[in-house]
Asks: 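One structure follows; several queries about it will come next.
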Amino acid sequence: MSAKNTLEEVFNKFLENDSIFRDRSVLTHDFIPQHFPHRDFQIRTLGEILAPALKGFKPSNLFIYGKTGTGKTAVIRYVLNILEKEARKLGSPTVTCYVNCRLIGSEYKIYTQFCKNLGYKVPFTGLSLSELFSRFSSYLDESRSIFIVVLDEIDALVKSKGDNLLYHLTRINETLNFSKVSIIGISNDLKLKESLDPRILSSLSEEEVIFNPYNAAELKDILVERAEMAFKESVIDEGTIALCAALAASEHGDARRALDLLRIAGELAEREGSNTIEERHIRRAERKIERDRVIEAISSLPLHSKLIIFSLYLRERKLHQHSITGEIFNVYKNVCSKLGINPLTQRRISGLINELDIIGLLNAQVTSFGRYGRSKKIKLNIDEDIILKVFSMDERLSTLLNSKLDSIYKFK
DNA sequence: CGTCCACAGGAATGACGGGCGG
DNA sequence: CCGCCCGTCATTCCTGTGGACG
């Protein structure tokens, strides 16, 4: 069959088949729902903290903690939305600004975003930080508003750029005559508290709200609600959703994970031409997510770490047993010489192996062999088909894989 | 019970690149 | 724009060590 015919068949099948989805976007990460099961308490607390803005008073600064997938971001964006609408109705000068520090990245861009939300334009480059800051603060004062800043994933900012911006923001109110700034920090790292300057910390956490992980029952409530919007009638039954919830709960109570599971299971079912989502689709979705994660992890590894994985795989393919550092190092050296790459030292390799152990791509355990020394017992922790898939993408490694390899195991 | 293997893993130091202040 | 400083990666040198073996 020609390629054209194959494609036509695929497209036609896609067009003919009614989708099982009503609205796929409901299950994606950036969807902001209108209901938040089991978050009433947090929403109410946030509302109480922010309400003063409506009367023109500065709300307390606020710190929000919670692991990934506990609804922090979605809830705060929802609350801000409503707050802004309400403020507009009342004619209260409340301006909000949501910034994701991981995405926005630099201090400069964050101030730029602030200015933009205040309705001012600043050059996207060229100003010094202090100039930008003073422009921002004069714009802000001019606007005579309550400016509510949300810094999401604030731990990323502090880790990479330090607490400079936070320091200036917490003190800016002292110099403003007509405006006020409230800061809302969102972090999924409780340890951030320790690494922050205590003065900043105390000013920032006038109020705190904690988002605890969802349990299986709570996840199920969320999924049921979303599945209703996402899928057509009777595509998925309650038992299947419960399975989804249970799988995600046993992980970390991560709702994002649970929604991924549901969406991917739906895509798998649809591709298969099934008009219901069954348990097997969920199971396969779980495996696919895990596989994609591992493939992504390996692909983004630095060169020599990849070579270590590669060498370890070669050894395990020949001798089905654990390896020790020195043995891997010898294979690794031979692989390097085949590829014309300068090998790193054994000391460094030992360190890299530890890093790979932490990521979970292999298991390493220091073991004593008595008379025969002391080393790390090392075993790969990746399925063979994933290894083959990743390394066949690299031309030179895949030819190495297919060539005669005996010499790689030899050394002096 | 001492020895000795085959490393582990800490400390100091060097090479490099990227951001920042003047 | 340039020099400086800092963080990251890597090397070198080193001391420490669990336990089988003799």
Side-chain angles (χ1 to χ4, degrees), chain A residues 99 101-113 122-137 153-169 171 189 191-192 194-197 200 297-312 314-316 319 321-337 339-381 409-412:
Chain A
V99 175
C101 301
R102 191 186 300 279
L103 297 181
I104 301 289
S106 79
E107 243 178 280
Y108 193 103
K109 286 184 185 161
I110 292 175
Y111 285 127
T112 312
Q113 187 72 35
V122 287
F124 58 85
T125 180
L127 300 181
S128 75
L129 255 186
S130 52
E131 169 65 15
L132 183 62
F133 179 75
S134 65
R135 283 200 199 183
F136 158 65
S137 86
E153 307 204 52
I154 200 173
D155 37 328
L157 175 75
V158 174
K159 246 179 240 157
S160 68
K161 312 280 168 190
D163 47 17
N164 227 319
L165 179 127
L166 289 179
Y167 181 72
H168 284 116
L169 271 187
R171 302 197 36 187
D189 186 4
K191 274 178 288 182
L192 181 72
E194 294 154 22
S195 61
L196 225 47
D197 184 316
I200 298 177
I298 301 177
S299 319
S300 59
L301 242 33
L303 174 64
H304 290 279
S305 300
K306 276 186 198 162
L307 293 179
I308 291 169
I309 302 255
F310 187 72
S311 308
L312 180 53
L314 288 182
R315 255 192 73 82
E316 286 191 2
L319 328 137
Q321 54 170 351
H322 65 256
S323 310
I324 64 173
T325 310
E327 296 164 347
I328 296 177
F329 183 60
N330 283 320
V331 177
Y332 160 82
K333 269 194 301 192
N334 286 332
V335 169
C336 282
S337 83
L339 297 174
I341 295 170
N342 282 356
L344 304 178
T345 52
Q346 180 157 349
R347 174 71 187 87
R348 182 66 187 130
I349 296 305
S350 171
L352 289 178
I353 288 175
N354 285 343
E355 287 173 22
L356 291 170
D357 179 41
I358 291 172
I359 306 175
L361 294 180
L362 50 75
N363 297 319
Q365 198 185 1
V366 297
T367 308
S368 175
F369 305 99
R371 187 68 256 261
Y372 306 104
R374 187 163 171 272
S375 179
K376 275 193 286 248
K377 264 190 182 178
I378 300 156
K379 211 162 179 313
L380 214 46
N381 197 20
Y409 303 100
K410 291 182 190 144
F411 44 85
K412 289 209 168 143

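Per chain, numbering begins at 1; letters A, B, ... match sequence-line order. Because the structure is predicted, anything quoted here is derived from the model rather than measured.
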Asks: Please evaluate residues S323(A) and K377(A) with respect to the criterion side chain to side chain donor-acceptor pair (under 3.5 Å), reporting the C-alpha separation (whole Å), side-chain torsions for both, the decisive distance (0.1 Å), and the verdict.
Replies: CA-CA 6 Å; S323(A) 310; K377(A) 264 190 182 178; over 6 Å; no
Asks: Can you check whether V99(A)'s main-chain N or O pairs, donor with acceptor, with Q113(A)'s side chain at less than 3.5 Å?
Replies: no
Asks: For R371(A) and R374(A), take the nucleotide of DNA chain C holding the closest heavy atom to each; which residue's nucleotide lies nearer the 5' end?
Replies: R374(A)
Asks: Let me know the distance between CG of L344(A) and P of dG14(B), rounded to the nearest Å.
Replies: 20 Å
Asks: If you only use heavy atoms from C-beta on, which nucleotide in dA10(C), dC7(B), dA20(C) is closest to the side chain of I324(A)?
Replies: dC7(B)
Asks: Looking at E327(A) and H322(A), what are the two nearest heavy atoms and their distance?
Replies: OE1-O, 4.5 Å
Asks: Can you tell me if the side-chain N/O atoms of K376(A) get under 4.0 Å from OP1 or OP2 in dC7(B)?
Replies: no
Asks: Do the side chains of H304(A) and L352(A) get nearer than 4.5 Å, heavy atoms only?
Replies: yes
Asks: Residues from residues 345-358 of chain A sitting under 4.0 Å of DNA chain C, heavy atoms only?
Replies: T345(A), R347(A), R348(A)
Asks: Quick check: do D357(A) and N381(A) have side-chain heavy atoms less than 4.5 Å from each other?
Replies: no
Asks: Between F369(A) (CZ) and dA8(B) (P), how many Å, whole number?
Replies: 10 Å
Asks: Out of N363(A), I378(A), I309(A), which one pairs with L356(A) under the side chain to side chain contact (heavy atoms under 4.5 Å, CB included) rule?
Replies: I309(A)
Asks: With a 4.5 Å cut-off on side-chain heavy atoms, are K376(A) and N354(A) touching?
Replies: yes
Asks: Could you give the CD1-to-P distance, from I341(A) to dC9(C), as a whole number of Å?
Replies: 18 Å
Asks: Can you name the closest pair of heavy atoms from L344(A) and Y332(A) and give their distance?
Replies: N-OH, 2.9 Å
Asks: Using OP1 and OP2 only, check whether a side-chain N or O of T325(A) sits under 4.0 Å from dA8(B).
Replies: yes
Asks: Closest-nucleotide mapping onto DNA chain B: is G370(A) or I378(A) further toward the 5' terminus? I mean the 5' end.
Replies: G370(A)
Asks: Mind checking whether I308(A) and L301(A) have side chains closer than 4.5 Å, heavy atoms only?
Replies: no
Asks: Separation of H304(A) atom NE2 from dC9(C) atom P, in whole Å?
Replies: 13 Å
Asks: For Y372(A) and dG22(C), give me the distance from atom OH to atom C1', rounded to whole Å.
Replies: 11 Å
Asks: Measure CG/N342(A) against C1'/dC9(C) and give the value in whole Å, please.
Replies: 15 Å
Asks: So if I take the C1' atoms of five pairs at each end of the helix from dC1(B)-dG22(C) to dG22(B)-dC1(C) and get each local axis, what angle do the two axes make, rounded to 10 degrees?
Replies: 20°
Asks: Provide, to the nearest angstrom, the distance between the NZ atom belonging to K377(A) and the C1' atom belonging to dG19(C).
Replies: 14 Å
Asks: From the options dA6(B), dG9(B), dG19(C), select the nucleotide whose nearest atom is closest to the side chain of S368(A).
Replies: dG19(C)
